> 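Would you mind keeping the following structure in view while I ask a few things?
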Amino acid sequence: EADIYQTPRYLVIGTGKKITLECSQTMGHDKMYWYQQDPGMELHLIHYSYGVNSTEKGDLSSESTVSRIRTEHFPLTLESARPSHTSQYLCASSERRANTGELFFGEGSRLTVL
Amino acid sequence: AQSVTQPDIHITVSEGASLELRCNYSYGATPYLFWYVQSPGQGLQLLLKYFSGDTLVQGIKGFEAEFKRSQSSFNLRKPSVHWSDAAEYFCAVGAPGSGGYQKVTFGTGTKLQVIP
């Protein structure tokens with residue numbers, strides 16, 4: 001049973017539009033992550049957060065930005081979408097105290113930029 | 001830095017047959033190891049994990065995996081595959097990263113097709 005929610009699940013938009021992908025979790029986890037997933041490729045970490053007001057860049061450079069104003073909410077924003085941003089974006093969270101790397105994933109947001 | 005290799009991009013098995021998905025990792029010490037499953041259009045779900053102790057770990061949906069330190073492997077197995085097991089399977093390794101958090105690295109995945 002997923003306790004981490006992503007909206008929208010699917011989004012098709014035109015080039016130059018601003019988009020925000022929403023991610024919320026009800027588990028009280030401190031750590032949250034955004035991964036980018038392309039077919040046949042490993043998942044790439046693009047952003048993560050240790051907690052409120054904490055955001056860090058991941059391993060893969062991304063033009064997107066994130067914010068963490070509330071523990072449960074970790075939205076990702078693209079100011080001006082381009083076709084190269086077409087991908088699946090997966091939000092995840094983990095429990096800080098356990099610190100094992102076990103991740104809980106949302107169902108993903110598939111973005112297509114025309 | 002750690003890395004994960006899943007040598008099989010695509011595997012096809014008959015329903016009822018046994019399954020083994022391969023995973024090799026590279027890391028200097030004993031990492032935390034995971035297998036996740038992703039059904040089409042869905043996020044990833046944890047199948048099982050290894051942190052320490054018994055090297056044979058049981059997971060959900062009848063899956064198990066064995067950690068073999070000498071071979072740097074963590075292969076996933078199931079004795080009898082069901083059609084509903086068709087999905088993509090990701091091996092992952094967690095190891096200490098900067099800032100004290102666990103850096104998780106994923107393999108490229110193995111897509112499993114189940115035929116009648």
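Everything numeric here is computed off the predicted structure, so don't read it as measured data. Residue numbers begin at 1 in each chain, while the letters A, B, ... track the order of the sequences.
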> Cluster question for you: counting only ILVMFWY and a side-chain heavy-atom cut-off of under 4.5 Å, with indirect links fine, are B:V37 and A:L103 together?
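Result: no, two separate clusters.
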
> Taking atom NZ of A:K57 as the centre, report whether more than 12 heavy atoms of other residues, nucleotides or ligands fall under 6.0 Å from it.
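Yes - once you tally the heavy atoms of other residues, nucleotides and ligands closer than 6.0 Å, there are more than 12.
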
> Name the region of A:E56, side chain, backbone, both or neither, that has any atom closer than 4.5 Å to a heavy atom of chain B.
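Interface part for A:E56: neither.
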
> Hey, any chance A:L60 and A:V66 share a hydrophobic cluster, counting ILVMFWY side chains that come within less than 4.5 Å of each other, even indirectly?
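As far as the 4.5 Å side-chain criterion goes, A:V66 and A:L60 are connected within one cluster.
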
> Would you say that A:D3 contacts A:F104 through its side chain, given a criterion of any heavy-atom pair below 4.5 Å between the two side chains?
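Side-chain contact under 4.5 Å: no.
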
> If contact means a heavy atom pair closer than 4.5 Å, which residues of residues 70-87 of chain A contact chain B?
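From residues 70-87 of chain A, none sit under 4.5 Å of chain B.
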
> Is there a side chain to side chain contact (heavy atoms under 4.5 Å, CB included) between B:E64 and B:L56? Walk through the geometry before answering.
CA-CA 7 Å; B:E64 66 178 27; B:L56 184 63; 4.0 Å; yes

> Indicate every side-chain donor-acceptor pair of residues 108-116 of chain B with a distance under 3.5 Å to a residue at least two apart or in another chain.
| unit_1 | atom_1 | unit_2 | atom_2 | d |
| --- | --- | --- | --- | --- |
| B:T110 | OG1 | B:Q6 | NE2 | 3.4 |
| B:T110 | OG1 | B:D8 | O | 2.6 |
| B:Q113 | OE1 | B:T12 | OG1 | 3.2 |

> Measure A:Y35 against the heavy atoms of chain B and call it side chain, backbone, both or neither at under 4.5 Å.
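Contact with chain B: side chain only.
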
> B:Y36 and ring pair (Phe, Tyr, Trp, His ring centres under 6.0 Å): which single residue from B:F63, B:Y89, B:F106 fits?
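The residue from B:F63, B:Y89, B:F106 that satisfies ring pair (Phe, Tyr, Trp, His ring centres under 6.0 Å) with B:Y36 turns out to be B:F106.
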
> Under 4.5 Å heavy-atom distance to chain B, tell me which part of A:L43 shows up: side chain, backbone, both or neither.
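Both backbone and side chain.
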
> Among B:A92, B:G41, B:G94, who wins on heavy-atom pairs under 4.5 Å with chain A?
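Winner by heavy-atom pair count: B:G41.
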
> So does B:I60 have more than 12 non-hydrogen atoms from other groups sitting under 6.0 Å from CD1?
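Atom CD1 in B:I60 is crowded, with more than 12 foreign heavy atoms closer than 6.0 Å.
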
> Determine, using the 4.5 Å side-chain heavy-atom cutoff (strictly less than), whether B:F90 and B:L19 are members of one ILVMFWY cluster.
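In one cluster with B:F90: B:L19, no.
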
> Inspect the surroundings of CG in A:L114 and state if more than 12 heavy atoms from other residues, nucleotides or ligands are less than 6.0 Å away.
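Yes, the 6.0 Å shell around CG holds more than 12 heavy atoms from other groups.
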
> Among residues 71-81 of chain B, which ones touch chain A with a heavy-atom distance under 4.5 Å?
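Within residues 71-81 of chain B, no residue comes under 4.5 Å from chain A.
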
> Examine whether an atom of B:S39 lies under 4.5 Å from a heavy atom of chain A, and if so say whether it belongs to the side chain, the backbone or both; otherwise answer neither.
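Interface part for B:S39: neither.
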
> Give, as side chain, backbone, both or neither, the part of B:L44 having an atom under 4.5 angstrom from any heavy atom of chain A.
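Interface part for B:L44: both.
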
> Is there side-chain contact between B:P31 and B:Q2, with heavy atoms separated by less than 4.5 Å?
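In short, these two side chains do not touch, never coming nearer than 4.5 Å.
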
> In terms of hydrophobic clustering (I, L, V, M, F, W, Y; side-chain heavy atoms under 4.5 Å; direct or indirect links), are B:L47 and B:L33 co-clustered?
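Both belong to a single hydrophobic cluster.
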
> Where does A:Q6 contact chain B at under 4.5 Å (heavy atoms): side chain, backbone, both or neither?
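Nothing of A:Q6, per the 4.5 Å heavy-atom cut-off to chain B.
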
> With sequence neighbours excluded, what pairs up with B:F51 under the side-chain contact (heavy atoms from CB on, under 4.5 Å) test?
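Per chain and number, B:F51 pairs via side-chain contact (heavy atoms from CB on, under 4.5 Å) with A:T100, A:E102, B:Y32, B:F34, B:K49.
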
